[in-house]
Every structure is written in C-alpha cells, then in structure tokens.
**Student:** 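Take this structure first; my questions come after.
Below, read A as the first sequence line, B as the second, and so on, with proteins coming before strands; counting in each chain starts at 1.
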Amino acid sequence: MNDPRDSEAAHDRPSHFIRDIIAADQQAGKNGGAVVTRFPPEPNGYLHIGHAKAICLDFGMAREFGGRCHLRMDDTNPAKESMEYVESIKTDVRWLGWDWGDHFFFSAHYFERMYAVACDLIKRGKAYVCELTQEQWKDYRGVPTRPGKESPFRNRSVEENLDLFARMRAGEFPDGSLCLRAKIDMAAPNIHLRDPVLYRIMREHHYLTGNEWCIYPMYDYAHPLEDAFEGITHSLCTLEFEVHRPLYDWVVDQLENFPARPRQIEFARLNLSYTVMSKRKLLELVQKKLVSGWDDPRMPTISGLRRRGVPPEAIRAFCEEIGITKYESLTDVALLEHCIRNALNKTALRRMAVLDPLLVTIENAEALPADIEAVNNPEDPAAGSRRIPFGSQLYIERDDFAETPPPKYFRLSPGKSVRIRYAGFLTCTGVQKDDAGAVTGIICRWDPPTAELKVKGTIHWVPAHGAQMLEARLYDRLFTIEQPDSQEGREFTEFLNPDSLKTVTAHAEPALAEAKPGEAFQFERIAYFVADSLDSKPGRPVFNRTVTLKDAWAKASKK
RNA sequence: UGCCCGAUGGUGUAACGGUAGCACAACAGACUCUGGAUCUGUUUGUCUAGGUUCAAAUCCUAGUCGGGCAACCA
C-alpha cells in the first residue's frame with residue numbers, strides 16, 4: 001500500500017485494448033485466471049525510454065492483475081550480446097521501480113530444451129535440415145507477391161534429418177552451410193510461414209554458454225518456446241512482430257502440456273520528438289563520440305535520463321500518460337518534460353544560484369541582517385527551511401536588470417524596486433559602467449521584508465561573499481528538428497543541436513556545496529538541476545540541468 | 001501492385017450503437033515573495049464515399065492515406 005505505483009495505478013485513467021484483453025481473459029478463466037507477462041530485452045544495448053513504455057506495460061499489467069512479470073534476456077544471438085548489457089538492463093529496470101522477484105531468466109538456459117523440441121519436430125515430420133545456401137534460398141522463398149517453391153531437401157527421411165541435426169550440433173559443418181527449417185507452407189502469403197529457419201550454425205562465443213553450442217535458435221522459434229516454458233499468458237511486443245504471430249502460434253501449437261497458452265499481443269512503439277530511439281543510432285552517437293556515452297544526459301537511454309536527473313516516477317507517469325495503441329504516433333517531448341516538472345515540483349528542494357552574475361552593491365549597508373531564512377520547498381512544508389548568509393554585496397542574474405526596461409518588465413531598472421527572494425527589496429539607485437558603456441554593476445538601496453513595497457517581481461540572488469562556485473551543465477534537446485531520423489536522404493547526425501550542452505560557472509548559495517550526487521534541486525526561477533552522479537564532488541559540485549522551469553516572460557518577450 | 005495492421009483537435013489518447021471527453025501544447029484571465037506552481041476560461045477533431053440503423057467515431061463495403069513484412073537479426 002506504500003508503494004508509489006499503487007497510487008499511480010489508482011487514479012482515474014482510461015483503459016487500453018491490452019488491459020481490456022487481459023481483463024477479459026482473466027474473467028473468462030483462461031489459463032486458470034493467471035496473468036504472467038515478461039519483458040524480454042536482447043542484451044545488445046542499453047535500455048531507453050521506448051523500453052520503459054514496454055517495461056511499465058509488462059510489469060504494470062502483471063501487477064494490476066495479481067500476476068507476475070519475468071525479466072528475460074533474449075540472448076539467442078551471441079554475436080551481439082554481452083554481460084555488460086545484462087547488468088545495465090537489470091539496473092535500469094530496478095531503478096524504474098520494478099521487481100521481478102525470482103523470475104530472472106536467460107534464453108540460453110533453455111537451449112537444451114529447445115533442442116529437444118526441435119528433435120521432436122523432426123520426428124513428427126515438421127522440420128528438416130536444409131542445405132540451400134542463403135543465396136539459393138532467396139530464390140526458393142519467393143517474394144511477397146509470388147509464392148515460393150519447396151526446398152529439394154524438404155522431404156528427407158526423419159532418420160536423415162535427425163542425424164544431420166545432431167551433426168550440426170556436433171560441429172561437423174561450417175557456419176551457414178546447413179540450417180534447420182520448419183516445414184510449413186511455401187505458398188503462404190505470409191513470408192514468415194514459408195519454411196522459416198529454426199536453427200543456424202554459428203561459431204560464436206556466448207557470454208553464458210561459452211562454446212558449448214555452435215547452433216543457435218532463431219527468435220521466431222525461441223521466443224514462443226521461452227514463453228511457453230515460463231507459463232507466460234500474455235506476450236506483449238511491438239507492432240513489427242504482428243506478421244510473425246502466425247508463426248508464434250504455429251510453434252506454440254506444436255507443444256503439449258504447458259502451464260499456459262501464451263498469446264502474443266502487439267502495440268505501437270514509442271516515438272519521441274527531437275530524439276532518435278533506435279539502438280543502432282544510439283550506438284552510433286556513442287561510438288562517434290557525439291555524446292559522452294550511453295549515460296550522456298542528452299541520451300534518451302534510461303541511464304541518460306537518470307543522470308539527467310529525471311526521477312523514475314516521472315517516467316512511469318509519462319508511460320501511463322501516452323497510452324497504448326496500435327497506431328504509430330509521435331509523442332511530443334513536451335509531455336515528458338511536463339511529467340518531469342510535475343514530479344520534481346513536489347520533491348525538489350529549492351536553492352538559489354546565479355548563472356550570469358551582475359554585482360549589486362547595497363548603499364545602506366548599516367542595518368543588514370547577517371543571514372536570512374528561506375523555505376526549502378513551498379510545495380512541501382515538511383521540507384523545512386535553511387539560512388542563507390546575506391551581505392552588502394550580492395549577485396543577481398544579469399537578465400534581472402534592464403537599464404531601459406521593455407514594457408511589462410517586472411524586475412530591476414534604474415529608480416525601480418524589486419523583491420529579492422526571502423530578503424526584502426532592492427531599489428536601483430545607480431548604474432556602474434566600464435569605458436565601453438557596458439554595465440559592470442549596480443548600486444541599490446535595501447529595504448527589509450516589512451517594508452512592503454509595491455512590486456510586481458521577485459528575483460533570486462546569492463551573497464557575493466561566501467558564494468559557492470559550481471559547474472552548471474545546461475543541457476538542451478540533442479536535435480534541432482522533431483524527426484531527425486526521418487529526413488529523406490539526410491543523416492540524423494546532420495540535425496544535432498550545437499547548443500545541446502553549454503557549461504557555465506554559477507554562483508550559488510553555500511548549501512549547494514553539500515549536495516549529494518543524484519540529489520535534485522530547483523534553482524529558483526531557472527530550472528531543475530541534479531548533482532551529477534559521476535563528476536560532482538564535495539567542494540566541487542557539478543550540476544546537470546534536468547529541465548527548465550516554464551518561462552512565461554521568455555515566451556511573451558519573443559513576441 | 002501479395003499479405004497484415006492502422007486512421008478522433010497542433011500532439012498523445014478516451015468514448016465498446018445513444019450528449020465526442022481527458023492530458024500536453026497554444027491563447028486569455030485570476031492568484032502568487034519563483035513571470036514557477038495553482039485556479040478559471042477559450043480555440044481547434046471523428047480520412048472520404050456509400051450502406052445498415054430511430055440513432056454510427058463505433059457495424060458493413062469500397063476508396064484514400066500511413067505503417068509493417070521478402071536476415072541463417074531481435
């Protein structure tokens with residue numbers, strides 16, 4: 001009951017077709033009312049926000065229907081997979097707030113059982129060893145508009161098939177020379193049913209099974225078996241597997257006596273504006289060093305978002321918000337940003353920091369308080385308060401002073417007053433300039449909070465003496481256009497945003513020196529920031545900008 | 001052009017034969033010691049054409065548009 005995900009699930013929310021299907025199946029008593037799902041990533045890359053959608057769906061449905069969700073490494077292609085990815089996947093799923101309990105599996109641990117099923121298929125005349133080369137197979141397979149023709153090896157005897165398959169496993173044949181095919185229908189309009197490959201010969205070291213195997217099962221064969229072995233009831237996957245479903249069902253139909261009859265249901269993957277989502281492109285960004293790594297705060301990876309300061313509950317809320325459909329859509333990153341602000345607004349401690357300083361000298365320095373009290377989070381009284389040292393010299397944001405203010409400018413300008421957060425008022429009485437005429441500082445009169453001057457604006461500040469210097473990494477969108485990877489004839493890397501990272505040294509209130517890595521703050525009136533988990537050190541804090549605050553003035557002044 | 005899937009405001013979605021609703025975005029206003037948050041309001045939508053029905057976003061047919069499928073990848 002104390003789990004945040006319960007309250008997330010509790011609020012009124014429209015359903016979606018997958019929830020409807022599962023509810024109906026459960027009500028009808030299918031599989032004894034059990035609901036077992038799985039999240040089956042291939043450990044060949046880092047998880048990203050698109051995976052988060054699948055993770056929240058898989059684990060969310062299981063949770064909602066009193067079932068369980070398995071985490072399974074779909075590692076049937078050792079050429080691309082590694083333990084580094086396995087570990088990152090576990091870390092990310094856990095960080096997102098999900099728990100697979102004891103149900104952590106590897107496809108590779110089923111290799112022996114899968115092999116036995118294949119032998120059984122052969123014995124029943126449903127699979128055969130084919131010697132056609134890949135080149136020849138292109139011709140035999142046919143094209144979508146034209147049926148294929150049967151392989152000359154299709155009607156070998158069971159004994160010969162069994163012998164050949166055993167020798168494939170024993171390593172008697174070179175890579176790619178033979179394969180095991182299902183015997184289904186070469187005239188099927190669905191290409192996936194035209195005698196699909198079940199096993200290929202591939203001498204690759206597998207990160208789990210080492211060199212034990214030189215034949216590996218194909219996804220279309222392995223996946224339904226894994227689901228069946230584990231008693232999965234609802235096998236949720238993305239739309240591109242829709243045409244594979246008849247084959248999935250064919251494989252499942254070959255089995256007997258399994259705890260559940262798994263059902264594959266497809267939904268649309270997530271597309272986010274101003275980002276790329278394919279593993280290949282993310283890998284390219286990393287390998288070409290266009291970002292600092294998989295966990296670069298500009299990456300849509302879970303590790304990138306985490307380092308950026310995005311809280312997991314924001315990602316879960318986002319995944320709930322976008323819904324589940326079979327329609328390929330493009331979700332606006334603004335929705336993600338909204339979910340992030342929404343989560344952080346409630347939890348992030350407020351602090352003050354000045355990114356672009358302008359020195360303020362207070363002319364009536366006689367009666368200044370030594371420090372002032374500031375609340376830590378106006379949205380959360382329990383967050384308490386802190387004291388900030390005060391003094392006769394302050395820094396304010398250069399933007400917060402205008403020598404000739406534009407219309408409706410509520411901040412400081414000569415002769416005008418403004419409130420300074422928690423600390424009374426400033427009235428500008430003088431402007432200091434260099435020889436070139438640039439403003440180098442301003443002189444102000446200070447009035448205590450009790451003065452109750454009529455002002456429309458409040459600005460933030462930090463004391464000039466005792467300010468904590470910190471590195472602020474100002475992250476922005478990685479790309480300049482909504483769909484960087486869908487531009488005809490153009491590389492997505494052409495649309496990288498040259499301003500996606502700007503690093504500045506900020507003056508901050510002393511309390512920020514003690515920020516713990518990963519701790520989130522709102523720098524008032526600027527943005528949410530997080531202490532970088534890798535580079536931030538005591539006494540030398542480094543902060544990543546997670547997301548800016550909404551800025552009505554910036555919007556209005558653009559017009 | 002063979003097969004499969006889909007189409008609701010700018011965006012993402014709901015409505016399961018009976019008043020097209022919600023969120024984001026945008027805009028306007030209120031409030032505010034964050035030009036944040038909060039609150040109120042406004043604009044904008046059922047791909048097209050037929051059919052079934054008292055009644056269609058919803059069911060049927062055709063079309064249009066979009067996506068997917070021809071790795072020994074997943």
**Student:** Would you indicate, yes or no, if B:C73 has its OP1 or OP2 atom less than 4.0 angstrom from a side-chain nitrogen or oxygen of A:Lys80?
**Tutor:** no

**Student:** Of all the choices, B:G68, B:G12, B:A70, which nucleotide is nearest to the side chain of A:Val143 once you look at every atom?
**Tutor:** B:A70

**Student:** Name the closest nucleotide to the A:Thr331 side chain, picking from B:G12, B:A25, B:C73.
**Tutor:** B:G12

**Student:** Report the nucleotide, chosen from B:A74, B:G36, B:C72, that has the shortest atom-to-atom distance to any side-chain atom of A:Tyr219.
**Tutor:** B:A74

**Student:** At less than 3.5 Å, do the side-chain atoms of A:Gln522 and the base atoms of B:U34 form a donor-acceptor pair?
**Tutor:** yes

**Student:** Check whether any side-chain nitrogen or oxygen of A:Lys138 sits under 4.0 Å from OP1 or OP2 of B:A71, and answer yes or no.
**Tutor:** no

**Student:** Is the count of non-hydrogen atoms from other residues, nucleotides or ligands lying under 6.0 Å from A:Lys138 atom NZ greater than 12?
**Tutor:** no

**Student:** Quick check on B:U13: is either OP1 or OP2 less than 4.0 Å from any side-chain nitrogen or oxygen of A:Ser329?
**Tutor:** yes

**Student:** Would you indicate which nucleotide in B:G36, B:G35, B:A23 comes nearest to any side-chain atom of A:Phe410?
**Tutor:** B:G35

**Student:** Please report the distance, rounded to the nearest Å, between CG in A:Asp74 and P in B:C73.
**Tutor:** 14 Å

**Student:** Between A:Leu549 and A:Ile420, who's closer to the 5' end of RNA chain B by nearest nucleotide?
**Tutor:** A:Ile420

**Student:** Would you mind telling me which of B:A25, B:A74, B:A26 lies closest to the side-chain atoms of A:Lys555?
**Tutor:** B:A26

**Student:** Between A:His338 and B:C24, is there a contact of a side-chain N or O with OP1 or OP2 at under 4.0 Å?
**Tutor:** yes

**Student:** Does the structure show a Watson-Crick or G-U wobble partner for B:C16, both distances under 3.5 Å? Name it, or say none.
**Tutor:** none

**Student:** Using the P atom as the reference point in each nucleotide, state the distance between B:C3 and B:G9 in Å, no decimals.
**Tutor:** 29 Å

**Student:** Please determine whether a side-chain nitrogen or oxygen atom of A:Arg269 lies at a distance below 4.0 Å from atom OP1 or OP2 of B:G67.
**Tutor:** no

**Student:** Identify whether any heavy atom of A:Leu336 sits under 4.0 Å from a base atom; if not, whether one sits that close to sugar-phosphate; answer base, sugar-phosphate or nothing.
**Tutor:** nothing

**Student:** Which nucleotide in the set B:C33, B:C72, B:G12 lies at the smallest distance from any side-chain heavy atom of A:Met218?
**Tutor:** B:C72

**Student:** Does a donor on one side chain and an acceptor on the other come within less than 3.5 Å for A:Tyr528 and A:Gln522?
**Tutor:** yes

**Student:** What about A:Phe529 and A:Phe523, are their ring centers closer than 6.0 Å?
**Tutor:** yes

**Student:** Are A:Phe267 and A:Phe17 near enough that their ring centres are under 6.0 Å apart?
**Tutor:** no

**Student:** Quantified in whole Å, what is the P atom distance between nucleotide B:U58 and nucleotide B:U46?
**Tutor:** 12 Å

**Student:** Output the rounded distance in Å from CZ (A:Arg141) to C1' (B:A71).
**Tutor:** 9 Å

**Student:** Only pairs with both distances under 3.5 Å count, Watson-Crick or wobble alike; so what is the partner of B:G6 in this structure?
**Tutor:** B:C65

**Student:** Hey, does the side-chain of A:Glu379 have a donor or acceptor N/O within less than 3.5 Å of a partner on the base of B:G36?
**Tutor:** yes

**Student:** Take the protein atom OH of A:Tyr422 and the nucleotide atom P of B:U32, then report the distance between them rounded to whole Å.
**Tutor:** 16 Å

**Student:** Remember a base hit wins even if backbone is also touched, and classify A:Pro449 as base, sugar-phosphate or nothing at under 4.0 Å, heavy atoms.
**Tutor:** base

**Student:** For A:Tyr409 together with A:Trp553, are the ring centres under 6.0 Å from each other?
**Tutor:** yes

**Student:** Do A:Tyr199 and A:Phe165 have ring centres separated by under 6.0 Å?
**Tutor:** yes

**Student:** Can a side-chain donor-acceptor contact be found between A:Glu230 and A:Tyr110 if the only test is distance below 3.5 angstrom?
**Tutor:** yes

**Student:** How close do A:Glu81 and A:Tyr207 get, heavy atom to heavy atom, and via which atoms?
**Tutor:** CB-CE2, 3.7 Å

**Student:** Quantified in whole Å, what is the P atom distance between nucleotide B:G18 and nucleotide B:U13?
**Tutor:** 23 Å

**Student:** Salt bridge or not for A:Arg411 and A:Asp400, using N-O below 4.0 Å?
**Tutor:** yes

**Student:** Under a 3.5 Å cut-off for both distances, is B:A55 Watson-Crick or wobble paired, and to whom?
**Tutor:** none

**Student:** Can a salt bridge be assigned to the pair A:Arg141 and A:Asp195 using a cut-off of 4.0 Å between side-chain N and carboxylate O?
**Tutor:** no

**Student:** Does a side-chain N or O from A:Arg411 land closer than 4.0 Å to OP1 or OP2 of B:U34, or not?
**Tutor:** no

**Student:** Rounded off to whole Å, could you give me the CD-to-P distance for the A:Glu524 and B:U32 pair?
**Tutor:** 18 Å

**Student:** If we take the P atom in both B:G10 and B:G2, what is their distance in whole Å?
**Tutor:** 34 Å

**Student:** Contact class for A:Phe241 vs. all strands (heavy atom < 4.0 Å): base, sugar-phosphate, or nothing?
**Tutor:** base

**Student:** Measuring from the side chain of A:His192 (C-beta onward, heavy atoms only), which nucleotide among B:A74, B:C69, B:C72 has the closest atom?
**Tutor:** B:C69

**Student:** Which parts of nucleotides 1-9 of chain B does protein reach within less than 4.0 Å, heavy atoms only, written one letter per nucleotide 5' to 3' as B for base, S for sugar-phosphate only and - for none?
**Tutor:** SBS-SSSS-

**Student:** So which nucleotide does B:A23 pair with, by the Watson-Crick or G-U wobble rule with both distances under 3.5 Å?
**Tutor:** B:U11

**Student:** Is a salt bridge present between A:Arg316 and A:Glu320, judged by a nitrogen-to-oxygen distance below 4.0 Å?
**Tutor:** no

**Student:** To the side chain of A:Leu335, which of B:U13, B:C24, B:G35 is closest?
**Tutor:** B:C24

**Student:** Please give the distance between the C1' atoms of B:U43 and B:U38 as a whole number of Å.
**Tutor:** 23 Å

**Student:** Considering only the P atoms, how many Å lie between B:C47 and B:A57, rounded to the nearest integer?
**Tutor:** 10 Å

**Student:** Would you check if A:Gln264 and A:Phe241 make a side-chain contact, meaning some heavy-atom pair closer than 4.5 Å?
**Tutor:** yes

**Student:** Are A:Arg525 and B:G35 close enough that a side-chain N or O sits under 4.0 Å from OP1 or OP2?
**Tutor:** yes

**Student:** Would you say A:Lys346 places a side-chain N or O within less than 4.0 Å of OP1 or OP2 belonging to B:A37?
**Tutor:** no

**Student:** May I have the distance from A:His223 (atom NE2) to B:A74 (atom P), rounded to whole angstrom?
**Tutor:** 11 Å

**Student:** Given atom NE2 of A:His206 and atom C1' of B:C73, what is their separation to the nearest angstrom?
**Tutor:** 14 Å

**Student:** Rounded to the nearest angstrom, tell me the gap between atom CE in A:Met277 and atom P in B:G67.
**Tutor:** 18 Å

**Student:** Tabulate atom names and distances for all N/O pairs under 3.5 angstrom spanning the protein and nucleotides 14-17 of chain B.
**Tutor:**
| from | atom 1 | to | atom 2 | distance (Å) |
| --- | --- | --- | --- | --- |
| B:C16 | N4 | A:Asp20 | OD2 | 3.0 |

**Student:** What nucleic acid atoms does A:Ile526 come within less than 4.0 Å of, heavy atoms only: base, sugar-phosphate, or nothing?
**Tutor:** nothing

**Student:** In whole angstrom, give me the gap between the P atoms of B:U48 and B:U8.
**Tutor:** 11 Å

**Student:** Pairing donors with acceptors under 3.5 angstrom, does anything connect the side chains of A:Arg525 and A:His460?
**Tutor:** yes

**Student:** Both distances below 3.5 Å, Watson-Crick or wobble geometry, any strand: find the nucleotide opposite B:U32.
**Tutor:** none

**Student:** Which whole-number value in Å describes the distance from A:Tyr199 OH to B:A71 C1'?
**Tutor:** 18 Å

**Student:** So, are A:Glu240 and A:Arg269 salt-bridged, with charged N and O less than 4.0 Å apart?
**Tutor:** yes

**Student:** For B:U11 versus B:A26, give the span between their P atoms, rounded off to a whole number of Å.
**Tutor:** 15 Å

